[in-house]
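Residue numbers count from 1 along this sequence. Counting convention: from 1, in listed order, for ligands and their atoms alike.
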Amino acid sequence: MRWTDYYLYTTREVPKDAEVISHQLMIRAGMVKKLAAGIYTYTPFGWRSLTKLSAIVRRELDKVGAMELNMPAIQPAELWQESGRWQKYGKELLRLRDRHDREFCFGPTHEEVITDMVRRDVRSYKQLPINLYQIQVKFRDEVRPRFGLMRGREFLMKDAYSFHASDESLDTTYHLMHDAYCRIFEACQLDYTVVDADSGTIGGASSNEFMVLARTGEDALVRCAESGYAANVEKAEAGELPKPEPGPQGEGDGPQEVSTPGVTSVDEVATFLGVESRQVVKTLIYTSEREELVAVAIRGDREINEVKLANYLDVMHLTLANEEEVQRATGAPVGFAGPVGLSSDLRLIADHSVRDLVRFVCGANRADAHLIGVEWGRDTEPSEWVDLLLVGAGDPCPLSGAPLEQSRGIEVGHIFKLGDKYSEAMGCQFLDEKGRGNPMIMGCYGLGVGRTVAAAIEQGHDDDGIIWPRPLAPFEVLLMSLNPAKEEVRQMADQIYGELQERDIEVLYDDRKERPGVKFKDADLIGIPVRVVIGQKGLAEGKAEISLRRDREKLSVATGDVMTKVMELLAE
Ligand code: ATP
Ligand code: MG
């Protein structure tokens, strides 16, 4: 492709909302153009990259027997009512009405549509398993669309769904898909890791996320080098935490109330009473869309994992109660809540971290007062013990006990064992060998196409621009003529261009009449892996210059050897 004929416009302007490097570079390299918040046009140059990734995805999924189909973006509300998600999905679901006033949504995911199709077509265990996928546009009305393609509202996703007659069959396909995903991200030359993950609103029993490691990643993950344990912190568990010393004894047999005027935060309480924050039980009051208040207790030095809590309560939107609600729940202002003497209709959920505390400190459910010397069993008991700990760096690995390491990642893929959540709700049944009807067992497998390309740029760039992993580069070779006004330069560049094309090498030919400085700057920015430069000086000695974007080390090569050298570099 000749640049002078091509639709490629680089820019120096970086919009203010482009916080991360991949977003900035995609805009500067002219790959995407913003139409509205979280909605982008992919230019011909940008689209090539997404197309290349899609081809890798297709190749690997076809290999494990998945079949490509294409489903509608617009989905009828009835299907979502059947699965129960019309209510549950909340504001991320873009809802529409047609001219007959019938309700629809723009699909954020396709479990309902695929389950509806399969329940109509498939009757017998003999027709199972089935694995179907598409690469298609999704819309999610994200609260905070940002980071360009990384968290768009409209975005391209590969989504696959499998249907089975047994858990074993699901396990087999899940493993095949897991391995296919590994091959996809390896083919893209990405540094990634697979972690245990939370299943979120999609539902189901177990899931794994594929994380591209990057400082700018929105997800935090923990890993143990010893056991290989790796989990998103949303899901991560820890081994037993070291026990704190028993706290101070109150006067008498029971807990003792002490005056703590205006002392509300755990740290203030600990300092005021001369104890450690881990000897304090922190009690927080939460509310959700169900408008029911719950009290949650955790060790004073630790935080609650709100994803675990929301899952446990089976709610979507969890928020800390406001002052008035806290007063109503505990009879005290914010900062003095505690597990002792709460009204019996308030649920008290306690994290395991407070289970072993001996003589702990907590709020007294009275203004300006705390209790010391409190004991579980004797003074109070939670209604339930649950793992709600937000696990972090240094916590013991649940498998080996060794300290966990924390890092950040970009979630590029997510695979789930759904079980019968959708098939049960939507009556997607098969007849087994004995002729009995059973709900099909399902798996689903997502991969963000745009997000993966963005993640590749997060991992591959320097101060001057993108450094593409070759498999995702929009073109393999950038051919530059430094002064095309000179006839011999233009002729030689044209000739090499022709030869590259003849060999089906994807070449972008910068034949523009721009200054060499501009061309080199653009070349660094758009990051094509192999660069061939034809200039007057070199040509006088019969030479061209070849370099890799990766290290920019220049090789002077006889013009007759350019093709061989390029082929050699591309084969690496
Ligand atoms: P996140 O937690 O980042 O919102 P998710 O768990 O909602 O992701 P899934 O429903 O599992 O995502 O979707 C499958 C894949 O689609 C994700 O792994 C990700 O690569 C991609 N994806 C999800 N949301 C977006 C988005 N807003 N923009 C771009 N890609 C997305
Ligand atoms: Mg999401």
Any heavy atom of [X] sitting closer than 4.0 Å to ligand 1?
X      : value
Gly152 : yes
Leu156 : no
Lys138 : no

Subject >> Pairs flagged by side chain to side chain donor-acceptor pair (under 3.5 Å) wherever residues 171-180 is involved - sequence neighbours left out >> reply: Asp171-Lys417, Tyr174-Asn208
**OP:** Kindly identify the option in Glu218, Glu92, Arg151 whose heavy atom sits closest to atom 3 (O) of ligand 1.
**Re:** Arg151
Atom indices of ligand 1 within 4.0 angstrom of [X] heavy atoms, with elements:
X      : answer
Glu142 : 24 (N), 26 (C), 27 (N)
Val412 : 18 (O), 20 (O)
Gly413 : 18 (O)
Arg140 : 5 (P), 7 (O), 9 (P), 10 (O), 12 (O), 13 (O), 23 (C), 24 (N)

**OP:** For residues Phe185 and Phe210, establish whether the separation of their ring centroids is below 6.0 Å.
**Re:** yes
Original post:
For the residue pair Tyr40 and Tyr42, is the inter-centroid distance of their aromatic rings smaller than 6.0 Å?
Top reply: no
Original post:
Listed by chain and number, what are the salt bridge (charged side-chain N to carboxylate O under 4.0 Å, His left out) partners of Arg223, not counting sequence neighbours?
Top reply: none
Original post:
Is the shortest N/O to N/O distance between Gly446 and ligand 1 below 3.5 Å?
Top reply: no
